[in-house]
Amino acid sequence: MLLLTYVLPSLAQSDSVRRAPVQQSSRAVQPRPAQAARPAAQVPATVTAHKGTTDSPVAARDSVPAAAIPKVHAYDTILQRLARVHPYMNTGKAAEFDINHFRQAEDRDWLVYLVAGVLLLLGIIRTAYLKYFSDMFRAFFNPTLSQRQLKDQLSQSPFPNFLLNFFFAISLGLYLYLLMFRLDYTTDANAWILIPGLMLLVGIIYLLKFVVLRFCGWLFGNEELIDAYVFILYLINKVLGILLVPFLVLLAFCKPGIAQTALYISIFFIVLLVVYRYVRSYSLVRQYLSFSKLHFFLYLCTFEVVPVLLITKVLLLWLTGNP
């Protein structure tokens, strides 16, 4: 009776005292809400201290839920490390995206047919009047024969002469349009008005020039001199109209770099032919008249350079819309 009364209660009390720290430690393992996502390596030391007990590992596993621990793939880790370390990936700049805008395709099939029509017209004229072509180029490259023998032969063929003058107006008018097109002065909206207008403008200018020269020759009694000058003027114009044909193809269909080079070459040939025309005209006029070089230069500036500059200025003002 005494043994049951005094010994057993003392044993029960000592056992309760021995279990109390374990229960306290298990309660200490319970994480706070803000610490629920800690990795397993950062579990408090109280859990590892009581790893040998039966209650502490279960409490530690229950305290950190598995869904709260982020899972990082090894591929992402390697890429992040490369982005920090690699010299070509760690540029220190924000990512840039090269996005090409949608290009509106322009319908220029009409230009193909127009240039093909110009080539067809030149081929028909050359095929029908082959002898006239050969005489014309002989007169162009040989000034002495052109004034004596070939001039009369070419003057006896009025219809091919008219056709090549007409072709010169078409070729130069189309060349002026392509020149403005490459310089971004035109659009497809005004092409069908501008191209015939330029061709008609070139034809009217040279027709008025022909009428004025003939009138001056009749007025001052120098019809022979005016006749020779008109022959040289329109001979070089015919050659220029033929020379511009390959440049029309290059300006119409080539890439901007090639077209710009062709533009510069064509301008060089135009200037060269104009200078050649004035040299031949000066040597011709010196045979009939005596005048100073200053008077000839004033004539060039007044009747040749200034009208071209005025027409160019009016066209640019009309196309750009500036007052």
Side-chain angles (χ1 to χ4, degrees), residues 110-111 113-126 128-129 132-133 136-137 139-140 154-155 157-182 185-186 190-218 226-249 251-252 266-267 269-271 273-274 276-278 281 299-300 302-319:
W110 59 270
L111 190 58
Y113 298 119
L114 182 60
V115 176
V118 172
L119 293 174
L120 179 63
L121 178 61
L122 179 61
I124 293 174
I125 296 174
R126 186 184 181 281
Y129 303 100
Y132 183 88
F133 260 77
M136 182 183 66
F137 280 100
F140 176 77
L154 294 176
S155 300
S157 304
F159 188 67
N161 187 23
F162 168 76
L163 287 180
L164 283 177
N165 289 328
F166 178 73
F167 181 80
F168 165 74
I170 293 177
S171 178
L172 186 59
L174 183 57
Y175 174 81
L176 293 176
Y177 168 77
L178 293 176
L179 176 64
M180 291 186 289
F181 167 71
R182 289 298 178 178
Y185 282 109
T186 62
N190 55 10
W192 290 105
I193 300 175
L194 188 59
I195 293 176
L198 289 173
M199 294 177 181
L200 185 63
L201 180 64
V202 173
I204 291 174
I205 289 174
Y206 279 94
L207 179 61
L208 290 177
K209 194 170 184 177
F210 175 79
V211 173
V212 171
L213 288 174
R214 288 293 185 183
F215 176 75
C216 292
W218 171 81
I226 296 300
D227 189 25
Y229 176 74
V230 169
F231 173 76
I232 294 175
L233 174 65
Y234 285 91
L235 173 66
I236 297 178
N237 286 345
K238 296 182 189 75
V239 175
L240 178 60
I242 298 172
L243 182 64
L244 290 177
V245 172
F247 294 103
L248 296 179
V249 179
L251 291 176
S266 64
I267 293 175
F269 279 113
I270 291 172
V271 173
L273 286 178
V274 171
Y276 178 67
R277 185 182 76 183
Y278 291 141
S281 301
Y299 161 76
L300 293 181
T302 305
F303 293 97
E304 300 290 342
V305 179
V306 174
V308 174
L309 294 178
L310 290 176
I311 293 172
T312 304
K313 184 66 174 179
V314 171
L315 286 175
L316 292 180
L317 291 177
W318 176 63
L319 291 173

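Here the structure is a predicted model, which means the values were calculated and not measured. Note: hydrogens, waters and symmetry copies are ignored here, and every other heavy atom, side chains too, is used.
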From [atom1] ([X]) to [atom2] ([Y]), nearest 0.5 Å:
X      : Y      : atom1 : atom2 : answer
Ile204 : Lys209 : CD1   : NZ    : 15.5 Å
Ile193 : Leu198 : CD1   : CG    : 11.5 Å
Leu207 : Leu200 : CG    : CG    : 10.0 Å
Tyr175 : Leu248 : OH    : CG    : 9.0 Å
Ile195 : Tyr177 : CD1   : OH    : 5.0 Å
Ser157 : Tyr129 : OG    : OH    : 8.5 Å

For a quick test of reading the model, state the closest non-hydrogen atom pair linking [X] to [Y] and the distance between them.
X      : Y      : answer
Phe137 : Val239 : CE2-CG1, 4.3 Å
Val115 : Ala252 : CG2-CB, 4.2 Å
Leu244 : Ser171 : CB-OG, 3.5 Å

Carefully, step by step, assess Ile236 and Ile232 under the rule side chain to side chain contact (heavy atoms under 4.5 Å, CB included).
CA-CA 6 Å; Ile236 297 178; Ile232 294 175; 4.0 Å; yes

Would you sort out whether Phe181 and Leu194 count as a side chain to side chain contact (heavy atoms under 4.5 Å, CB included), showing the intermediate values?
CA-CA 11 Å; Phe181 167 71; Leu194 188 59; over 6 Å; no

Does Leu164 form a side chain to side chain contact (heavy atoms under 4.5 Å, CB included) with Phe133? I'd like the steps, not just the answer.
CA-CA 10 Å; Leu164 283 177; Phe133 260 77; 3.9 Å; yes

Please enumerate all residues that pass side-chain contact (heavy atoms from CB on, under 4.5 Å) together with Asn237, with sequence neighbours excluded.
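By the side-chain contact (heavy atoms from CB on, under 4.5 Å) rule, Asn237 matches Phe168, Tyr206, Leu233, Tyr234, Arg277.
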
How would you list, by chain and number, every residue that makes a salt bridge (charged side-chain N to carboxylate O under 4.0 Å, His left out) with Arg214, sequence neighbours excluded?
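If we apply the salt bridge (charged side-chain N to carboxylate O under 4.0 Å, His left out) test to Arg214, skipping adjacent residues, the hits are Asp227.
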
Residue pair Leu119, Val249: steps toward the side chain to side chain contact (heavy atoms under 4.5 Å, CB included) verdict:
CA-CA 9 Å; Leu119 293 174; Val249 179; 4.3 Å; yes

Checking Tyr132 against Phe159 for the ring-ring contact (aromatic ring centres under 6.0 Å, His included) test, could you report, in this order, the C-alpha distance in whole Å, the side-chain angles of both residues, the deciding distance, and whether it holds?
CA-CA 11 Å; Tyr132 183 88; Phe159 188 67; over 10 Å; no

